[in-house]
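A, B, ... follow the sequence lines: proteins, then strands. Residue 1 opens every chain.
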Protein chains: 2
Amino acid sequence: MSTEPEIPANRAATLTDVAKLAGVSVATASKAINGRDEVRAATRKKVLEAAELLSFAPNALARGLLGGRTGTVGLLTSDLEGRFSIPILMGAEDAFGAGQVSVFLCDARGDAIRERYHVRALLSRRVDGLIVVGSRTDSRAPLAGNIPVPVVYVYAPSADPDDISITVDNVGGGRLAIEHLIAYGRRNIAHITGEAGFQAARDRAEGAVAALADAGLTMIGGKPYFGSWDETWGRAAAHIVVERHPEVDAIFCGSDQIARGVLETLRDLGRDVPGSISVIGFDNWEAITAHSRPRLSSIDMNLEHLGAVAGRRLFAAIDGDDPPISEQFPGRVVMRDSTAPLG
Amino acid sequence: MSTEPEIPANRAATLTDVAKLAGVSVATASKAINGRDEVRAATRKKVLEAAELLSFAPNALARGLLGGRTGTVGLLTSDLEGRFSIPILMGAEDAFGAGQVSVFLCDARGDAIRERYHVRALLSRRVDGLIVVGSRTDSRAPLAGNIPVPVVYVYAPSADPDDISITVDNVGGGRLAIEHLIAYGRRNIAHITGEAGFQAARDRAEGAVAALADAGLTMIGGKPYFGSWDETWGRAAAHIVVERHPEVDAIFCGSDQIARGVLETLRDLGRDVPGSISVIGFDNWEAITAHSRPRLSSIDMNLEHLGAVAGRRLFAAIDGDDPPISEQFPGRVVMRDSTAPLG
DNA sequence: CTGAAAGCGCTTACAG
DNA sequence: CTGAAAGCGCTTACAG
């Protein structure tokens with residue numbers, strides 16, 4: 001006679017198995033396992049031991065079917081490739097993991113059809129809520145159709161102001177960069193940035209202009225140099241700026257990649273960074289900032305935090321707590337070696 | 001009297017609702033919707049119209065509870081930050097999306113405890129299978145415990161040879177790089193790479209040494225220069241190599257970041273790239289390769305494809321088709337401007 | 001404190 | 001071809 005519990009080989013243990021082994025009803029077993037207090041301590045102990053012995057793991061599908069929560073959410077991204085989605089996704093995943101929630105990942109790849117398809121699938125799986133992660137800060141069309149669960153938009157806000165959107169304060173980010181440079185005594189500041197078609201570029205520039213105005217200054221060249229987000233543009237634009245405005249003593253760049261290009265040109269030109277010209281980037285993309293010469297100061301938009309907040313706001317909305325509202329979060333200056341006090 | 005169908009406001013339509021509206025039994029409605037052929041065409045049409053009218057979406061939880069498939073898989077990553085996981089994840093997500101499968105994303109953050117926790121959660125949700133994505137090519141301990149569903153390991157192979165592991169052929173990648181340089185007439189080739197503690201570094205070096213030997217050549221310096229994976233090391237190592245071995249006419253780098261550093265030093269030294277010295281990187285990381293001076297040739301390990309294959313292999317395993325086996329995939333040379341035929 | 005019963009939304013033999 | 005019934009694994013009133 002074996003002392004092994006009777007586990008029908010090829011099958012995960014069910015609550016019925018546990019109840020049988022513990023000598024109680026399934027109802028009681030359920031209560032014991034779920035920590036209800038209408039259960040005698042000794043009974044609970046018996047049940048818990050049986051569950052342990054059978055490696056019982058409650059079937060989440062059955063639980064979810066009962067109508068309450070499923071403990072799942074959908075994370076809808078439009079672009080996994082873009083590096084902005086990843087930290088946000090990590091932050092959200094983290095917030096959810098702590099709350100015993102599992103997350104479905106769906107990449108719509110920027111395609112509205114795919115997005116709709118994914119939303120349907122997620123709803124048929126009865127997710128408790130949805131997080132929509134954008135890859136640009138431009139506002140996006142709200143999810144199509146009637147969505148019966150709470151939705152939180154992150155990074156890219158929904159065009160509908162009644163939706164909950166958690167975003168980054170790019171105007172503030174532009175301000176932060178300029179204020180940092182001004183605090184270091186810089187007065188002749190240029191701004192080289194990405195495509196004007198991006199809200200992010202326009203917002204950062206707006207913040208920069210405003211911060212300069214507050215200090216009674218104007219931008220070198222009269223306005224931002226819009227171009228593209230890459231190093232090649234950074235190199236080209238730096239040439240232009242230094243040639244036309246030799247008095248320039250600081251350059252605020254709309255991305256770290258642009259800043260890398262700027263740094264290279266200044267090096268080619270034999271200009272001293274940070275002494276003669278200070279340079280600050282945007283995004284704080286470690287791979288780009290950490291090993292440049294000199295190491296690049298930058299604005300960090302705390303994307304992982306943004307994701308975590310979005311996760312928590314979604315929870316709140318699911319719980320029906322005081323309805324969360326849209327929020328914008330500031331970034332922070334990360335000082336490295338490319339910015340320093342003037343001479 | 002309204003012509004609207006009777007949809008109890010706040011509730012998703014159920015199969016019962018559809019059946020009622022269509023005037024058939026739920027059994028028949030189920031068959032009609034699932035495309036069974038024991039259903040009269042006219043009946044099917046009635047049911048489908050009713051479903052359409054009610055925006056009926058079958059409850060995947062109920063379906064899954066019936067014991068068959070749930071149509072879900074778990075994607076277990078150890079490190080979302082690392083950029084290797086992302087393309088793999090995209091490939092897998094893509095393969096699954098096409099197959100009507102939803103994927104749970106879990107980031108264990110390199111922690112075995114978290115991993116175990118996530119596996120439990122996924123099993124309680126009755127996933128049909130698991131994909132485990134590593135962030136290094138070093139082999140990893142197989143998933144702990146008794147896992148009742150198929151598992152496919154990607155990028156980082158399982159230490160258990162009986163497990164299914166889909167990996168990149170780094171030895172072959174090292175070969176590819178050297179053969180490319182040799183084809184361009186280079187004979188004095190150095191290898192600057194990352195930490196020797198990484199299997200990836202050792203494998204690529206092994207392939208490089210073997211390819212050189214096949215051509216009757218030896219590595220400049222007698223062996224690879226192991227260091228770290230970043231630009232700073234690339235810059236330092238390039239100095240050493242050029243100083244000690246002025247005859248060097250090509251450098252194979254273990255990562256694109258190292259290669260960027262090498263490129264910078266060669267530029268500082270006034271050496272002509274690719275004419276005098278050709279440089280090839282590894283990873284084909286667009287952000288790094290596309291805007292360097294000159295643009296960087298590199299080895300691409302087709303990570304997205306790797307993820308897609310892993311997804312398909314998992315399907316096969318779930319379907320119980322001929323059991324999939326471990327496989328290794330070759331990379332490919334991506335030519336840009338940092339390699340060229342010898343003068 | 002414990003248990004029998006109903007029910008969540010579906011699918012699947014099994015009769016008719 | 002159609003439908004009544006059982007059942008997937010759980011939870012939740014409701015009796016006892």
Side-chain angles (χ1 to χ4, degrees), chain A residues 7-8 10-48 50-51 54-72 121 123-128 148, chain B residues 7-8 10-48 50-51 54-72 121 123-128 148:
Chain A
I7 2 166
N10 232 343
R11 188 171 65 70
T14 147
L15 191 58
T16 307
D17 300 330
V18 174
K20 208 168 289 172
L21 183 59
V24 299
S25 71
V26 282
T28 300
S30 170
K31 288 167 201 154
I33 282 178
N34 291 303
R36 303 281 184 139
D37 43 80
E38 327 99 304
V39 145
R40 206 161 34 129
T43 309
R44 184 187 312 280
K45 186 153 171 291
K46 262 191 314 188
V47 173
L48 259 22
L54 298 175
S55 308
F56 170 70
N59 184 324
L61 264 42
R63 234 178 209 172
L65 189 53
L66 268 295
R69 305 279 167 75
T70 56
T72 59
L123 292 179
S124 84
R125 297 197 188 280
R126 299 298 185 262
V127 292
D128 298 328
Chain B
I7 2 166
N10 231 343
R11 189 171 64 69
T14 146
L15 191 58
T16 307
D17 300 330
V18 174
K20 208 167 288 173
L21 183 60
V24 300
S25 71
V26 282
T28 299
S30 169
K31 288 167 200 155
I33 283 179
N34 291 303
R36 303 285 184 134
D37 42 79
E38 326 100 305
V39 145
R40 208 160 34 129
T43 310
R44 184 188 311 281
K45 186 153 170 291
K46 262 192 314 188
V47 173
L48 259 23
L54 298 175
S55 308
F56 170 70
N59 183 324
L61 265 40
R63 233 175 208 173
L65 189 54
L66 267 295
R69 303 280 167 75
T70 56
T72 60
L123 293 179
S124 85
R125 298 198 187 280
R126 298 297 185 266
V127 293
D128 297 329

Looking only at side-chain N and O atoms, does A:T14 come under 4.0 Å of OP1 or OP2 in D:dC10? yes
Ranking D:dC1, C:dC10, C:dC1 by distance to the side chain of A:R40, first place goes to C:dC1
A side-chain contact here means heavy atoms from C-beta on lying under 4.5 Å apart; do B:N34 and B:R63 qualify? yes
Side-chain N or O of A:S30 closer than 4.0 Å to phosphate OP1/OP2 of D:dT12: no
Heavy atoms only, 4.0 Å cut-off, all strands: where does A:T28 land among base, sugar-phosphate and nothing? base
When both distances are under 3.5 Å in a Watson-Crick or G-U wobble arrangement, the nucleotide paired with D:dA4 is none
Just to be sure I understand the rule, does A:R44 reach a base, reach only the sugar-phosphate, or reach nothing, if contact means heavy atoms closer than 4.0 Å? nothing
Does a side-chain N or O from A:R36 land closer than 4.0 Å to OP1 or OP2 of D:dT12, or not? yes
Under 3.5 Å on both distances, the Watson-Crick or G-U partner of D:dA13: none
Side-chain donor/acceptor of B:R44 to backbone N/O of B:R36, under 3.5 Å: yes
Please figure out whether B:K31 or B:A57 has its closest DNA chain C nucleotide nearer the 5' end. B:A57
At their closest point, which heavy atom of B:V24 faces which heavy atom of B:V47, and how far apart are they? CG2-CG2, 3.9 Å
Of A:D17, A:L48, A:V18, which meets side chain to side chain contact (heavy atoms under 4.5 Å, CB included) against A:F56? A:V18
Think B:R63 has a side-chain N or O under 4.0 angstrom from the OP1 or OP2 of C:dG9? no
Describe the nucleic acid contact of B:R126 in one word from base, sugar-phosphate, nothing, applying a heavy-atom distance below 4.0 Å. nothing
